[in-house]
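Have a look at the structure below before the remarks.
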Amino acid sequence: MSKQQQPKKAISPTREEDYPEWYQQVIKASDLAEKSPVRGCMVIKPWGYSLWENIVDALDAMFKASGVKNAYFPLFIPLSFLEKEAEHVEGFAKECAVVTHHRLEKGPEGRLVPAGPLTEPLVVRPTSETIIGDSFSKWINSYRDLPILINQWANVVRWEMRTRVFLRTSEFLWQEGHTAHATEEEALARTRLMLEVYAELAEKHLAIPVIKGRKTPAERFPGAVDTLCVEAMMQDRRALQTGTSHFLGQNFARASSIRFQDADEQERYAWTTSWGASTRLIGGLIMTHGDDNGIVLPPRIAPAHVVLLPIVRNAEESALVMPYVDSLADLLKKKSYGGRPIEVEIDTRDIGGARGWEWIKKGIPLRVEIGPRDIAAESVFVGRRDRDHREKVSVKRARFVAELTDILDSIQNTLFERALAFQKTHSTMIDEKKSFYDYFTPIDKEKPEIHGGFAFSYWCGDAACETAIKEELGVTIRCIPLAGVPEHDSGPGGCICCARPSPQRVIFAKAY
RNA sequence: CGGGGCGUGGCGCAGUCUGGUAGCGCACUUGAAUGGGGUUCAAGGGGUCGGAGGUUCAAAUCCUCUCGCCCCGACCA
């Protein structure tokens, strides 16, 4: 009987015990972010922000490689702009923060009160189609001005009722791309291209397997003609959209008067697209790879790849170990992985075993312990975050340096394969209504266990069926998969709800 | 906006029914021991108990008002 029973896992509760609470605890333990005094807003701490910066760098490079240029537009949008596109108003009006005054004055009891009302209220951007559209209308006169390919990295505000750090916050960071084209085909191609970019970011960098698809009219971006998305499965088997790309047709061009004179001398409306990904990706990362000891970061976007943990008992050992550690750090930093120099942390804090655990919880890919014994053997003691925390191996120092990038590749691949296997395991084709309902109904209704997954089932295309299922089960159509998903390309069948003929299966799931 | 709950050192909480002037765990600081692991012992710093008013010799505790937050629901590309 140990007087103090050590928890077997660093995070309590475990995923199995209480997934939403596990998520909160992991964020706290990993030092990524914390809640702020402002309701629904988060403080992103250095470890979390560095992670975001790496995501930004990866995406930004892909955007630029596809010809997109960055620009910046105002935080404030005149109220009248938002009113220009009818569906857009519907979709966003309810969740907007509105600026109505431009000054503060001393009020009674020394309190500051808003003064100087604005003639036209300003909306804090929930998205920027309208204000960017206004610029586009001025920039575009001729078909020779097209295409225009613009992206902005920005913060946006959506006054959500219920918030969760990274997944749904009142303010979040994202990028929004906006393009204008002379032809429908070209705009459609761009919509598809950017979806590919998001899929590549998710799979190659974040090691999150995704399914590419199209949203149903009910789930579409307000004002869009077509919304494409990439959907991932979290470890509670719920779906999370990790990127979205919209074909806006000429809707926003009409609303903002984005017109050009074509080669045939006709005046035409431009075809526009918009596409975005946000700090929500970090939530997806946590819920895809995290375990009961904290987050697990894919090496390609980890803020640091390796932490060196000197094992010293006294000044003499320190004098022996530290030069060895510093020289190893120098060697490692000269290498690079995924186009980025290897980032090395050296943690010399004398806080006992808590030191190693902190890095496990923070999800750093590799922990390297170095003590007198390793130096005598010219080796290092290495622990991988994708393996059990007790599984640590002694490796010759030279070999570790030489094989570092292979090890990181191995971790990156393991995470992706593991997540892909999980997604496959919890994806099923369901053709019977009862099975479908069983699949999405927890055994214990009081305290629902993790259940369900991706159900590939037929849907007739009727919004009434979609709504019925949403209301009865809380399950929605995440997407109509694009070609190439085997479960989708399985011929026609009968709608899971009404049994009417349906050409294809769609993905039903509970969603974030 | 409806239903429920909670505001006590940085965090998590006890104390409130039965008023007597604040306590526990973690974290933090210092010292010592330990040393391939969330170690141990000792000493220590930090709170006008969300705010205002009232009752009382005396209020974290009782009464009134008020502010804020959380959870469930509605809401959510």
Side-chain angles (χ1 to χ4, degrees), chain A residues 2-12 20-21 24-25 28-29 34-40 87-88 90-96 109 111 126-127 129 156 158-164 167-170 172 174 176 214-224 226-231 240-248 274-278 280 293-294 309-314 317-318 321 347 349-361 367-375 377 379-383 389-390 392-394 446 470-471 474 476-479 511-512:
Chain A
S2 59
K3 52 189 163 181
Q4 194 178 343
Q5 190 88 24
Q6 289 298 341
K8 291 184 195 73
K9 302 294 181 182
I11 305 298
S12 174
E21 183 59 24
Q24 299 293 125
Q25 293 304 324
K28 200 179 283 182
E34 62 192 21
K35 288 186 180 167
S36 77
V38 185
R39 196 203 79 104
E87 285 185 40
H88 202 57
E90 273 300 303
F92 286 107
K94 282 175 281 185
E95 53 188 50
C96 284
E109 299 163 38
R111 304 293 295 269
T127 180
E129 274 74 6
V156 287
R158 297 179 189 179
W159 215 264
E160 304 286 358
M161 298 292 187
R162 287 190 62 195
T163 57
R164 290 186 77 187
L167 290 176
R168 183 175 292 113
T169 45
S170 299
F172 57 90
W174 79 341
E176 49 181 320
R214 163 175 289 113
K215 287 293 185 190
T216 63
E219 299 275 331
R220 216 176 260 158
F221 175 74
D226 198 7
T227 289
L228 303 182
C229 62
V230 282
E231 295 282 334
L240 181 78
Q241 178 180 299
T242 62
T244 178
S245 184
H246 314 291
F247 171 62
L248 304 174
S274 70
W275 23 276
S278 71
R280 178 177 242 209
N293 287 324
L309 304 167
I311 309 289
V312 296
R313 296 172 234 197
N314 48 48
E317 287 192 349
S318 180
V321 171
D347 191 345
R349 291 174 303 162
D350 184 14
I351 55 170
R355 186 178 59 167
W357 277 105
E358 276 191 22
W359 290 102
I360 292 172
K361 289 187 280 194
R367 306 182 308 282
V368 178
E369 298 170 2
I370 299 165
R373 276 191 256 152
D374 305 293
I375 295 173
S379 64
V380 292
F381 208 55
V382 182
H389 67 94
R390 288 161 300 194
K392 293 184 277 194
V393 291
S394 185
E446 293 302 308
K470 182 178 180 178
E471 283 174 0
T476 49
I477 298 175
R478 296 328 304 153
C479 70
Y512 276 99

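Letters A, B, ... are given to chains in the order of the sequence lines, protein chains preceding strands, and every chain is numbered from 1.
A 4.5 Å side-chain heavy-atom check between L228(A) and T244(A) finds every atom pair outside the cut-off. Proximity of R280(A) to T169(A): side-chain heavy atoms (C-beta onward) are nowhere separated by under 4.5 Å. Within the 4.5 Å cutoff, the side chain of R367(A) has heavy atoms near those of the I360(A) side chain. By the 4.5 Å heavy-atom criterion applied to side chains, S394(A) and V380(A) are not counted as neighbours.
With a cut-off of 3.5 Å on both pairing distances, C49(B) has no Watson-Crick or G-U wobble partner at all. The partner of A59(B), taking Watson-Crick or G-U wobble pairs whose two distances both stay under 3.5 Å, does not exist in any strand shown. G25(B) is paired with C11(B) under the Watson-Crick or G-U wobble criterion, all donor-acceptor distances under 3.5 Å. Judged by Watson-Crick or G-U wobble contacts below 3.5 Å, the nucleotide G37(B) has no partner. Checking G2(B) for Watson-Crick or G-U wobble geometry (two distances, each under 3.5 Å) identifies C72(B) as its partner. Look at U18(B): it lacks any Watson-Crick or wobble partner with both distances under 3.5 angstrom.
Residue P310(A) is out of contact with every strand shown, counting any heavy-atom pair closer than 4.0 Å. Heavy atoms of R168(A) sit under 4.0 angstrom from at least one base atom. Heavy atoms of K361(A) sit under 4.0 angstrom from at least one base atom. E160(A) comes within 4.0 angstrom of the backbone, heavy atoms only, and of no base. Heavy atoms of P126(A) sit under 4.0 angstrom from at least one base atom. Residue G356(A) is classed as having no contact, given no heavy-atom separation below 4.0 Å to the nucleic acid. At a threshold of 4.0 angstrom between heavy atoms, the contacts of K28(A) with the nucleic acid are absent.
Ion pairing of E219(A) with R214(A) is absent here, as no side-chain N (NZ or NE/NH1/NH2) approaches a carboxylate O to less than 4.0 Å. Ion pair E369(A)/K392(A) flagged as a salt bridge, since at least one NZ, NE, NH1 or NH2 atom sits closer than 4.0 Å to an Asp/Glu carboxylate oxygen.
For E95(A), the listed nucleotide lying nearest its side chain is C76(B); candidates were G35(B), G36(B), C76(B). Looking at the side chain of A10(A), the nearest of the listed nucleotides U34(B), G38(B), G36(B) is G38(B).
Atom CD of E34(A) is separated from atom P of G12(B) by 12 Å (rounded to the nearest Å). The distance between atom NZ of K392(A) and atom C1' of G38(B), rounded to the nearest whole Å, is 11 Å. As a whole-Å value, the separation of Q25(A) CD from C11(B) C1' is 11 Å. Taking atom CD on E358(A) and atom P on G38(B), their separation rounds to 14 Å, with Å as the unit. Rounded to a whole Å, the CG atom of D347(A) is 17 Å from the P atom of G36(B). The distance between atom NZ of K35(A) and atom P of C11(B), rounded to the nearest whole Å, is 13 Å. Atom P of nucleotide C76(B) and atom CG of L240(A) are separated by 18 Å, given to the nearest angstrom. Atom CD in E471(A) sits about 9 Å away from atom P in C75(B), given to the nearest Å.
Nucleotides of RNA chain B nearest to F172(A) and V312(A) differ in position, and the one nearer the 5' end is that of V312(A). Nearer to the 5' terminus of RNA chain B, by closest-nucleotide assignment, is the contact made by I351(A) (compared with the other of I351(A) and V156(A)).
For G19(B) and C65(B), the P atoms lie 22 Å apart once the distance is rounded to whole Å.
For R355(A) against G38(B), a side-chain-to-base donor-acceptor contact under 3.5 Å is absent. For N314(A) and G35(B), a side-chain-to-base donor-acceptor distance below 3.5 Å is absent, hydrogens and geometry of angles not being considered.
For the residue pair H246(A)/S274(A), the side-chain donor-acceptor check at 3.5 Å is not satisfied.
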